[in-house]
Amino acid sequence: MFQNKTYTGIVVEGDSLKVAKLKVAGKKLELVSLDQVRLIEPLKTRKSLQKQKAEPVFEDLEMDQDLDDEELIFGLDSDEDEDEDDGLDLENLDDDLNDLDFEDLDDTSEQVIDTDMVDEAGAPASNELLLYNLLSSISSDRVDLGISIPAGQTIFQILKDTDFSDTKKKDLQVIVDDRLEALHGVPKGEDFYSYTVRDDGALLLTSIDDEPQLLTLLNRTQDLYRGKLFINQVLPEEILLLGLIRANYELEENSISGVVQFGEEFCRVIFLRGDQLWIVSPIITEGVNSKKFLNTVFSKILFQLDTGEVPNLDRLIICNNSLGDSAIEFFEERFQDVDVSEFHYQEDFLDTENINESTISSFTTAIGAAWAASGHRSDVLPNISFLPKYVDDRQKIFKLQWHGFLLLFLILITPMVANYFITQNASEIDRLEGNISTLEAQIRSLESTVQRSNEITNELGQIQSKLALLSELNQGTLRWSTNLDQLNSGVSDINSLWITAMRQNQNNSIELAGVARYRDRIPMLADLFNDATLLNVTTAEIRLEEVFEFRYVVESFFEDENIYTPENVQGIQEIIGE
């Protein structure tokens, strides 16, 4: 099935493309070639494009967000993650394009290239033409691709507090939709998320904000490429690394492994417990081009250990290592009890004897993308995929088997059979056509009534929508005004007590912080609420006077929730059907 077929992995790293080609030779893979191509201009996400257009700069924006201890959500892009330099270095353009390896280029002398897409020196003038040349150098007939979603663009949610093994698919989809809408604020299309239930019963949910930039570029390039282009797999780089480690390492069940992914501009650290993804740390906005890069990565790992999120570390694996032995030695000196090593391939997994060993280490994710495209030992990869449905549909090949030929025969004889029955039933057809004409006349006579009915229905819908909005606005306004009125009047009566901070948690509880001159005033505040819990009391000094700082969590202000819904609002809810 896989014999003699070449699979190509392409990943984006900074302003370059890394390309790996391999074949399936028996029960293992054979690495054919590695290449790195400089893009004509960096690929931009929608967020980076919006950043270029936005003129106001907002600073000191803080947002409180409480996360469940049993779940982990990381990977949200920040503005710091985007490229700062969008310009094209025209002086070094020719040197950059020389990075493209055309040794395997087939005979394309008969192909016609649009002169608007090349510059005066004959070099590609766009990323589309650059990618076209790359695909043509691989094969002029067919290219099987695996591509990745760059590290940091995928959001990971690992729900471990519930065993989802026995959850019905329909119920599981409801849970997934709720989690995605709570995180992104809007429902996500099926092409922008993927999830799987792991062997330990945890739910691994991944999502992205936009279509991968490389996939968009491939879609635009497909019109230029004359061969067949098959995109077999689209996976986050973090998932590719997880699959490669499972395929090449024997991981003990309770061992903790740290995986460091180097990049030119970004770096990411993930932690595994056994062979399961455990923690995905936030993206590190520094790459190997930074002089303090290794110290930053070390401090991030040390922070995870100090906070207790990672209780210990047994192994540290470095992927895409473009710094060589210096990176290994750096971490070995600082983690003397940890097995520090560069990612390596087992001999029964990947044959690399035809490739210079010094270049392989920096192409880990590109090799992983090519491996994912091949389907070889795909069982070690999590059941995650971001291959869009429209791409999968256009790549399907219709193959006729015996039932296909039977269907084709039936299609051919259908007109003859239909003509026979039409001839035999001509009088009945005329009668029915007369009835149809009568019904059409009746329909035309009722069109004005139907139109007026539709207008009334639309007006009623608009009124109900406005009433629903009014009900929603009133509910929030009445709730906060009632709560604040209760709090203000109560604090005024207590005296010598001040509220300094108040915020609402995700579970709709209210967290209060304040200061009291006398300790006995603090429990008096709890009497103002139906359900309140005192979290802590500490002493402080303000203007040489000892005061008492306290924190409360208020679950509910009033026992009867109907206090927030007066009779006039209840009437609106009855009208809109709530």
Side-chain angles (χ1 to χ4, degrees), residues 56-71 73 76 161 178 182-183 185 303 306-309 466-576 578:
V57 177
F58 299 92
E59 298 181 352
D60 299 330
L61 178 62
E62 297 182 357
M63 178 180 293
D64 292 328
Q65 183 179 13
D66 295 335
L67 294 178
D68 193 292
D69 292 338
E70 291 297 325
E71 57 184 90
I73 304 178
L76 293 172
D161 55 343
D178 290 343
L183 178 62
F303 174 77
D306 289 342
T307 58
E309 281 190 277
K466 293 178 180 179
L467 289 176
L469 177 60
L470 178 61
S471 175
E472 181 179 353
L473 294 175
N474 283 340
Q475 183 177 4
T477 303
L478 291 172
R479 176 177 292 273
W480 279 103
S481 61
T482 305
N483 290 347
L484 291 175
D485 181 65
Q486 173 75 356
L487 184 62
N488 289 335
S489 60
V491 170
S492 176
D493 294 338
I494 293 174
N495 201 2
S496 297
L497 182 141
W498 298 268
I499 301 299
T500 60
M502 181 173 67
R503 71 170 186 176
Q504 184 174 11
N505 297 326
Q506 285 188 340
N507 59 359
N508 292 326
S509 63
I510 305 298
E511 185 173 330
L512 297 176
V515 177
R517 293 184 61 188
Y518 310 106
R519 182 183 289 271
D520 61 348
R521 303 300 171 90
I522 296 176
M524 297 172 64
L525 182 64
D527 297 336
L528 300 178
F529 314 113
N530 175 54
D531 185 3
T533 303
L534 179 62
L535 297 181
N536 57 45
V537 177
T538 59
T539 60
E541 185 175 296
I542 298 178
R543 295 181 180 176
L544 302 180
E545 182 176 348
E546 184 183 43
V547 297
F548 301 92
E549 296 179 346
F550 61 87
R551 288 175 60 235
Y552 269 99
V553 170
V554 182
E555 299 294 338
S556 63
F557 276 71
F558 301 96
E559 180 178 2
D560 186 7
E561 288 287 324
N562 290 331
I563 194 171
Y564 299 124
T565 311
E567 294 182 357
N568 58 342
V569 177
Q570 294 177 358
I572 294 177
Q573 293 179 345
E574 292 177 358
I575 294 176
I576 63 177
E578 292 186 355

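The distance from the CG atom of N488 to the CG atom of N483 is 10.5 Å, given to the nearest 0.5 Å. Expressed to the nearest 0.5 Å, how far CD1 of I499 lies from CG of L484 amounts to 11.0 Å.
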With a 3.5 Å cut-off and sequence neighbours excluded, list the donor-acceptor pairs that the side chains of residues 540-556 form with protein atoms.
from : atom 1 : to   : atom 2 : distance (Å)
E545 : OE2    : R517 : NE     : 3.2
E545 : OE2    : R517 : NH2    : 3.1
R551 : NE     : E511 : OE2    : 3.3
R551 : NH2    : E511 : OE2    : 2.6
Y552 : OH     : I522 : O      : 2.8
S556 : OG     : N530 : ND2    : 2.9

Can you list, pair by pair, the side-chain donor-acceptor contacts under 3.5 Å of residues 489-498, counting residues two or more places apart and other chains?
from : atom 1 : to   : atom 2 : distance (Å)
S489 : OG     : D485 : O      : 2.9
S489 : OG     : Q486 : O      : 3.1

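Remark: N508 pairs with Q504 by the side chain to side chain donor-acceptor pair (under 3.5 Å) rule, at least two apart or across chains. Every residue meeting the ring pair (Phe, Tyr, Trp, His ring centres under 6.0 Å) condition with F557, not counting sequence neighbours, appears here in chain and number order: F529. Qualifying side chain to side chain donor-acceptor pair (under 3.5 Å) partners for N536, counting only residues two or more places apart in sequence or in other chains: none. Qualifying side-chain contact (heavy atoms from CB on, under 4.5 Å) partners for D520, counting only residues two or more places apart in sequence or in other chains: Y518.
In terms of modelled atom types and a separation under 3.5 Å, the side chain of S509 and the main chain of N505 share no donor-acceptor contact.
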